[in-house]
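Bear in mind that the values here come from a model prediction, so they are computed numbers and not experimental data. Lettering of chains follows the sequences in order, A, B, ..., and the numbering in each one begins at 1.
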Amino acid sequence: MTDVKNGAKQVSAPDAAEVDDGELDEGLFDAPERGSADELLDAGAHTDLDAMRHSTAHVMAEAVIDLFPRTQLGIGPAIADGFYYDFKLDRPLTPADLAAIEERMAASVAADHPFVRRELAADEGRAFFVERDQPFKVEILDDLAARAKADGSPMPATTVYDHGPFVDLCKGPHVASTGKIGPFKLLAVSGAYWRGDEKRPSLQRIYGTVWDNQDDLDAYLWRRSEAKKRDHRRLGVQLDLFSFHDVSPGSAFWHPKGQKMWRTLEAEMRRLQDRRGYQEVSTPILVHKKLWEQSGHWGHYDDNMFRVEVESQTFSLKPMNCPESTFIYRSKLRSYRDLPIRYSEYGRLHRNERSGTLSGLTRVRQFIQDDGHIYVRPDQLADEIEALLGEVREAYSWVGLTPRFAFATKPDKAIGDPALWERAEALVKAALDRAGGDYMVKPKDGTFYAPKIDIYIDDALGREWQMATIQADLVMLPERFDLTYVDEDGKQQRPIAIHRAIYGSLERFIGILIEHFAGAFPLWLAPVQAVVIPIADRHNEAGQELAGVLRASGLRVEVDESSNRMQYKIRTAQEQKVPYMLILGDREIEGRAVAVRRRGAAKDEPQETLGWDALAERLATEQREHRID
RNA sequence: GCCGACAUAGCUCAGCGGUAGAGCAGCUGUUUCGUAAACAGCAGGUCCUCGGUUCAAAUCCGAGUGUCGGCUCCA
């Protein structure tokens, strides 16, 4: 069960967010406990810009209360690129409401109300918010009081900030007055649970953004629209890579070009794995539930598994490969000399993700993972993990990404002998230290059966994504499936099982690459690497001949034999983001040459004319070396 | 799963009680062209599904499905 993030949104949330709501950073930066009263009050204002963003949230709350007097206030923190505020309202907000709220906010900014900090005695503060029918604020105060009592510290005063007619419970800091607020824009309204708890009331969250000056705001809005253009769901249609259909929600239909990318990524990974001594296996998709009972997943995770009843027996579609890999390991007696045994598997997995969470390729119900299970002796673990980190670096270099590593340690809900855990963590840490380079530590973020190394990347838009994972499992597979090998002394020993996925989910990986490259893939990965463009019909035959030469060098080439003009063919190839356009007219054919136009070439870029064989060699080299534009 | 929005031609969208529209793509014909859109014609739709209101529903109402923005979850 290599625990890839099938789903999991990237760490800084997408688009409408570009926002990172802070809470997602938990663990990474040791943020306060989710939804704690301190955090709710603190509102994330740590810089001047944050203070302004948080102040803007206050102004927005003022506007909302003004327009909807019975509104109950949740919290309104600063977040990456902006702010939000949660409200309980009598009716759902519409885009027209946002415009009206913006207008009121502008009036408040124009009035330049000073922000005034006041301290009230605890009971006075509570009474104030009770009187104003603000139960969420009262709850925060009650929590603070309860915590003070538990700590034996004195009852804290209630800090409020006023600006104009509006008073809010808040620790601050704020800008001096509403006039200091820069250009802002409200972006979206969405639902959010009070304190992130689905059992608590559902509030309406308004997201907004605010910047020091108009240029910064414009730049941000431009980034947003760029991100939208790169959206893999949009490019997937435009580039004819995949589609989704309601007959199988959350599962992609791969079109020929998307499938070509898939096969290319897989082929490259297989080459790496062959070199590293992996042996590829394949295990059944439909599996009896007793397997999951043995592994410990049934009962805990069966909600996420698709069940299939067959002749009154319960089966499920596998949500992970790992338990089945042990059947192959156990199919014969293993010697210490046999280890490490490295099994790879491109297994098709199904996870029943909740309907509201599905999203394009990055959150799916069916996906294929470049999974691997490596069985090692304890003395081999550190070397193997170090080698795996190298595999990750190599694979990510093919697409020009630099992986960052995070060491996730034993969670509270862990199973197994604490001594085994200590040993596993020490070995993983040793491997990370030896592999050099920095890594973050994410305490208690391991899986319930293994400490792990999670791999992150930043894409071309600076967004962080969690990708690969490496897990050192001394407990689940080895113990629950009773794995053994015979050591030098003829004694039975437990191997360690490493679960690892490098691309992770191929679906998700491709989705991220689409956005990272904005669809303009490097040559080696592009589904169509070159289009031959005959200028007139009489050049078609030579075009096919040229395509044949290139295909013989292992390149993916098409010939545009349509009756369109050359200009139109170029435009089409450009829109399809084909790396090379090969233009063939009388002049070129005469010398068995071709005019080479690079995708996205500048207007004044000098164009080369190359012989066919020289071109084939050049492109083949570029492909082999995974060159990136 | 929860809150909200949306669903019209292959794609992008207009129409919002009174006989279904455009651009692009497609097809046919003409054009054979030198670095990002030749010209003309034709064809293309259970207006997501099911129910309801109405003389009349793409349009209003309800339910379902899917998608989108978030929330929650993520072995």
Side-chain angles (χ1 to χ4, degrees), chain A residues 1-9 13-17 19 21 23 84 86 88-89 91-95 187-207 231 233-234 237-238 240 243-250 292 295-305 319-320 322-323 349 351-360 363 411 413 447-450 466 469 471 476 499 533-540 562-575 581-588 595-601 603 605 607:
Chain A
M1 121 184 36
T2 310
D3 159 30
V4 293
K5 291 282 170 182
N6 148 37
K9 75 185 75 176
D15 196 25
V19 264
D21 73 9
E23 294 172 350
Y84 68 79
D86 289 343
K88 185 148 177 22
L89 292 155
R91 67 163 178 86
L93 291 167
T94 65
L187 299 172
V189 50
S190 70
Y193 300 113
W194 170 239
R195 292 190 153 181
D197 181 345
E198 63 183 319
K199 294 185 187 67
R200 309 295 307 268
S202 190
L203 310 178
Q204 295 187 64
R205 174 172 299 177
I206 304 177
Y207 285 99
D231 189 318
R233 292 167 299 199
R234 178 195 177 93
V237 173
Q238 194 185 317
D240 196 17
S243 53
F244 284 89
H245 302 278
D246 62 6
V247 292
S248 188
W292 311 112
S295 70
H297 293 95
W298 201 263
H300 290 293
Y301 305 108
D302 52 333
D303 278 356
N304 290 326
M305 290 157 76
M320 64 205 69
C322 49
L349 306 182
R351 295 181 185 179
N352 188 9
E353 306 288 353
R354 293 160 82 171
S355 56
T357 64
L358 301 176
S359 176
R363 181 68 170 201
K413 57 173 183 175
T447 75
F448 70 88
Y449 56 84
Q466 183 180 337
T469 187
Q471 305 165 1
M476 194 201 38
H499 309 240
I533 298 180
I535 290 178
D537 286 354
R538 66 175 179 281
H539 308 123
N540 284 354
S562 68
S563 68
N564 293 307
R565 297 169 62 206
M566 178 197 61
Q567 280 86 339
Y568 189 89
K569 294 178 182 178
I570 289 172
R571 180 184 150 86
T572 304
Q574 201 70 251
E575 279 177 345
M581 284 148 270
L582 306 174
I583 293 158
L584 212 49
D586 294 329
R587 292 205 299 262
E588 288 77 17
V596 180
R597 186 190 215 272
R598 284 185 34 229
R599 168 184 64 198
K603 285 239 185 295
E605 186 169 307
Q607 200 165 51

Nearest-Å distance once atom C1' is located in both B:U8 and B:G21 | 10 Å
Whole Å only: how far is the CE atom of A:Met566 from the P atom of B:A36?
-> 7 Å
In whole Å, what is the span from the NZ atom of A:Lys569 to the C1' atom of B:A38?
-> 13 Å
Can you tell me, in whole Å, how much space there is between the C1' of B:A14 and that of B:U59?
-> 13 Å
A:Arg598 CZ: over 12 foreign heavy atoms closer than 6.0 Å = no
Indicate, with a heavy-atom threshold strictly under 4.0 Å, whether A:Leu358 touches base, sugar-phosphate, or nothing.
-> sugar-phosphate
Quantified in whole Å, what is the C1' atom distance between nucleotide B:C24 and nucleotide B:C61?
-> 36 Å
With C1' as the reference atom in both, quote the distance from B:C42 to B:C2 in angstrom, rounded to an integer.
-> 50 Å
Answer with base, sugar-phosphate or nothing: what part of the nucleic acid does A:Gln238 contact at a heavy-atom distance below 4.0 Å?
-> nothing
Could one point to a donor on the side chain of A:Arg571 or the base of B:A37 with an acceptor on the other under 3.5 Å away?
-> yes
Using the C1' atom in both, what is the distance from B:A57 to B:G51, to the nearest Å?
-> 13 Å
Give A:Pro319 one of three labels, base, sugar-phosphate or nothing, depending on what nucleic acid heavy atoms sit under 4.0 Å from its own.
-> base
With sugar-phosphate meaning primed atoms plus P, OP1 and OP2, does A:Gly600 contact a base, only sugar-phosphate, or nothing at under 4.0 Å between heavy atoms?
-> nothing
Is the shortest side-chain N/O distance from A:Arg233 to OP1 or OP2 of B:G69 below 4.0 Å?
-> yes
If each of A:Asn304 and A:Glu588 is mapped to the nucleotide of RNA chain B with the nearest heavy atom, which maps nearer the 5' terminus, i.e. the 5' end?
-> A:Glu588
Can a salt bridge be assigned to the pair A:Arg354 and A:Glu198 using a cut-off of 4.0 Å between side-chain N and carboxylate O?
-> yes
Using the C1' atom in both, what is the distance from B:A9 to B:G15, to the nearest Å?
-> 14 Å
Is the phosphate of B:C33, meaning OP1 or OP2, less than 4.0 Å from a side-chain N or O of A:Arg538?
-> yes
Identify, between A:Asp246 and A:Met305, the residue whose nearest nucleotide on RNA chain B lies closer to the 5' end.
-> A:Asp246
Would you mind reading off the distance between A:Ile206 atom CD1 and B:G69 atom C1', rounded to a whole angstrom?
-> 14 Å
Are the side chain of A:Gln204 and the backbone N or O of A:Arg91 linked by a donor-acceptor pair below 3.5 Å?
-> yes
Can you tell me how far C1' in B:U28 sits from the matching atom in B:G44, rounded to whole Å?
-> 14 Å
In whole angstrom, give me the gap between the C1' atoms of B:C60 and B:U54.
-> 9 Å
N/O donor-acceptor pair, side chain A:Arg195 with base B:C71, under 3.5 angstrom | no
salt_bridge(A:Asp197, A:Arg195) N-O dist < 4.0 Å = no
What nitrogen or oxygen pairs link the protein and nucleotides 60-62 of chain B at under 3.5 Å?
none

Who pairs with A:Arg234 by salt bridge (charged side-chain N to carboxylate O under 4.0 Å, His left out), at least two apart in sequence or on another chain?
-> none
Short side-chain donor-acceptor distance under 3.5 Å, A:His297 and A:Asn304 = no
CG of A:Asp303 versus P of B:C73: gap in Å, rounded?
-> 14 Å
Would you check if the side chain of A:Thr357 reaches a backbone N or O of A:Glu353 as a donor-acceptor pair within less than 3.5 Å?
-> no
Just call it for A:Ala573: base, sugar-phosphate, or nothing, with non-hydrogen atoms closer than 4.0 Å on any strand.
-> nothing
Side-chain N,O (A:Arg354) to OP1/OP2 (B:C73) below 4.0 Å | no
Under 4.5 Å between any side-chain heavy atoms of A:Arg597 and A:Ile570, yes or no?
-> yes
Taking OP1 and OP2 of B:A25, is either one under 4.0 Å from a side-chain nitrogen or oxygen of A:Tyr568?
-> yes
Classify the ring geometry between A:His499 and A:Tyr449 as parallel (under 30°), tilted (30 to 60°) or perpendicular (over 60°).
-> tilted
Any protein N or O atoms within reach of nucleotides 2-12 of chain B? Criterion: under 3.5 Å, listing atom names and distances.
residue : atom : partner  : partner atom : Å
B:C2    : O4'  : A:Tyr193 : OH           : 3.2
B:C2    : N1   : A:Tyr193 : OH           : 3.4
B:C2    : O2   : A:Tyr193 : OH           : 3.2
B:C3    : O4'  : A:Ser202 : OG           : 3.3
B:C3    : O2   : A:Gly191 : N            : 3.2

Would you kindly check whether a donor in the side chain of A:Asp537 faces an acceptor in the base of B:U32, or vice versa, at under 3.5 angstrom?
-> yes
